[in-house]
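We use all heavy atoms of the structure for the numbers below, so side chains are in, but hydrogens, waters and symmetry mates are not. Just so you know, these numbers come straight off a predicted model, no measurement behind them. Order of appearance sets the numbers: ligands from 1, and atoms from 1 within every ligand. Numbers for residues simply follow the sequence, beginning at 1.
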Amino acid sequence: MIEEMLFQILTLFPEMFNGPLESSIMKRAQEKKIIELRYVNYREFTTDKHHCVDDTPYGGGSGMVLKPEPIFRCLNAVKKDTPPGRVVLLTPQGKVFKQKMARELAKEQHLILICGHYEGFDERIRTYVDLELSIGDYVLTGGELAAMVVADAVTRLLPGVLGASDSAEYDSFTENLLDYPQYTRPVEFEGQRVPDILLSGHHKMIEEWRREQAILRTAERRPDLLKEEQLSEEELAFLCRKRNLTEEL
Ligand SMILES: C[S@@+](CC[C@H](N)C(=O)[O-])C[C@H]1O[C@@H](n2cnc3c(N)ncnc32)[C@H](O)[C@@H]1O
């Protein structure tokens, strides 16, 4: 029996999660008790009359900084009576979140995701986190969208979340390759035909074609990824042939 994975999302805006994480596959994952999502508002862990979570920065400058105490107290509270897990701070200064990290986090039983806002966190909160993650080199208004991205990417890797028909096995980045081109009915659309090989019913040849196409697509769009992939001699030869052909055109 697989244990339910617990996500505790520490946020000032729990209502933001209602749509994206309460629909489709994420909704079903909760109904099937593969994951449990809990939203905890760290404003509730303030002790002052105005429930203040932020303050002006020491040294001056614009914007407001999240105070350490409410998040610290909230963290201690959510760790009580829950399985051991990893505390993740969402920040543009973190390690860039990739599929490999999603696979690593999918092995955890419990993830605590801390969403910042305003100008960011008081530096001292970093002492209480295990991992800092960024979802890309851009700055969002808050960590909520980033937490949704992480929760979604991790959840779809958990056993039982995806049906066999939309398995994660061949997704982009599963190896260091982008996904191969996909087609569905009709066979011909606006003069564009589905490649004959996909209609042949020859499974081995289809598999080879898909791998070649994935290699080609990755070489064209993400050569940085291909450097990490172990290609066979035949695959390297195929790539060189294709590249020469493209250069000749
Ligand atoms: C406006 S941002 C603060 C940016 C901060 N001043 C900096 O430059 O690092 C507010 C919050 O949004 C979240 N955030 C913004 N961009 C993000 C990204 N690329 N990945 C993850 N979280 C992000 C973080 O939680 C951050 O504390």
Side-chain angles (χ1 to χ4, degrees), residues 5-22 26 35 37-46 48 50-79 85-108 110-157 171-173 221-222 224-225:
M5 180 166 179
L6 173 63
F7 289 89
Q8 299 209 77
I9 302 179
L10 278 44
T11 168
L12 293 173
F13 301 96
E15 67 282 0
M16 279 182 73
F17 294 84
N18 292 345
L21 298 189
E22 300 304 326
M26 291 301 283
I35 59 163
L37 296 172
R38 288 186 201 162
Y39 307 108
V40 189
N41 191 334
Y42 48 87
R43 194 177 292 283
E44 287 164 17
F45 293 83
T46 49
D48 63 304
H50 299 292
H51 303 291
C52 224
V53 285
D54 56 351
D55 208 337
T56 51
Y58 274 123
S62 62
M64 299 294 272
V65 176
L66 288 166
K67 291 157 70 62
E69 308 97 310
I71 297 180
F72 174 74
R73 282 192 216 107
C74 182
L75 255 181
N76 285 340
V78 301
K79 281 180 178 172
R86 273 219 253 180
V87 179
V88 180
L89 189 78
L90 281 322
T91 161
Q93 302 170 27
K95 183 174 177 165
V96 178
F97 182 61
K98 297 200 172 160
Q99 190 67 9
K100 188 167 173 234
M101 177 61 74
R103 281 197 293 269
E104 195 183 314
L105 295 181
K107 293 180 194 146
E108 299 285 343
H110 179 196
L111 288 182
I112 299 172
L113 306 176
I114 310 176
C115 309
H117 233 84
Y118 316 118
E119 270 315 299
F121 311 92
D122 181 291
E123 188 65 19
R124 291 163 290 187
I125 210 64
R126 296 198 139 88
T127 331
Y128 305 99
V129 311
D130 301 311
L131 179 65
E132 296 189 22
L133 285 184
S134 160
I135 60 160
D137 291 346
Y138 39 80
V139 179
L140 302 163
T141 54
E144 285 73 15
L145 288 170
M148 289 183 217
V149 167
V150 172
D152 184 296
V154 170
T155 298
R156 71 189 291 287
L157 296 174
D171 280 337
S172 297
F173 313 114
R221 300 182 184 194
R222 292 292 303 274
D224 57 310
L225 287 177

Under 3.5 Å: donor-acceptor pair, side chain of [X], backbone of [Y]:
| X | Y | value |
| --- | --- | --- |
| Gln8 | Val78 | yes |
| Thr46 | Asp48 | no |
| Arg38 | Leu6 | no |
| Tyr42 | Arg73 | no |
| Asp130 | Val87 | yes |

Under-4.0 Å heavy-atom contact with ligand 1, by part of Leu89 that carries it: neither
Side chain, backbone, both or neither: Thr91 near ligand 1, heavy atoms under 4.0 Å: backbone
Using a 4.0 Å cutoff against the non-hydrogen atoms of [X], which atoms of ligand 1 qualify?
| X | result |
| --- | --- |
| Gly116 | 11 (C), 25 (O), 27 (O) |
| Leu140 | 1 (C), 2 (S), 10 (C), 12 (O), 15 (C), 16 (N), 17 (C) |
| Gly143 | 12 (O), 13 (C), 25 (O) |
| Ala146 | 21 (C), 22 (N) |
| Leu90 | 21 (C), 22 (N), 24 (C), 25 (O) |
| Leu133 | 21 (C) |
| Gln93 | 7 (C), 9 (O) |
| Glu119 | 3 (C), 5 (C), 6 (N) |

Ligand 1 N/O within reach of Gly136 N/O, cut-off under 3.5 Å: yes
Any N or O of Tyr118 closer than 3.5 Å to N or O of ligand 1: no
Reference residue Tyr39; test ring pair (Phe, Tyr, Trp, His ring centres under 6.0 Å); the match among Phe7, Phe13, Phe17: Phe17
Top protein contact for atom 19 (N) of ligand 1, by heavy-atom distance: Tyr138 O, 2.9 Å
Minimum-distance protein heavy atom relative to atom 20 (N) of ligand 1: Ile135 N, 3.0 Å
Ala147 versus Ile9, closest heavy-atom pair with distance: CB-CG2, 4.2 Å
Over 12 non-hydrogen atoms of neighbours within 6.0 angstrom of CZ in Arg124: no
Any Leu90 side-chain heavy atom under 4.5 Å of Ile114 side chain: no
Among Ala147, Pro92, Gly142, closest by any non-hydrogen atom to atom 18 (C) of ligand 1: Pro92
Salt-bridge present (Glu132, Lys95; N to O < 4.0 Å): no
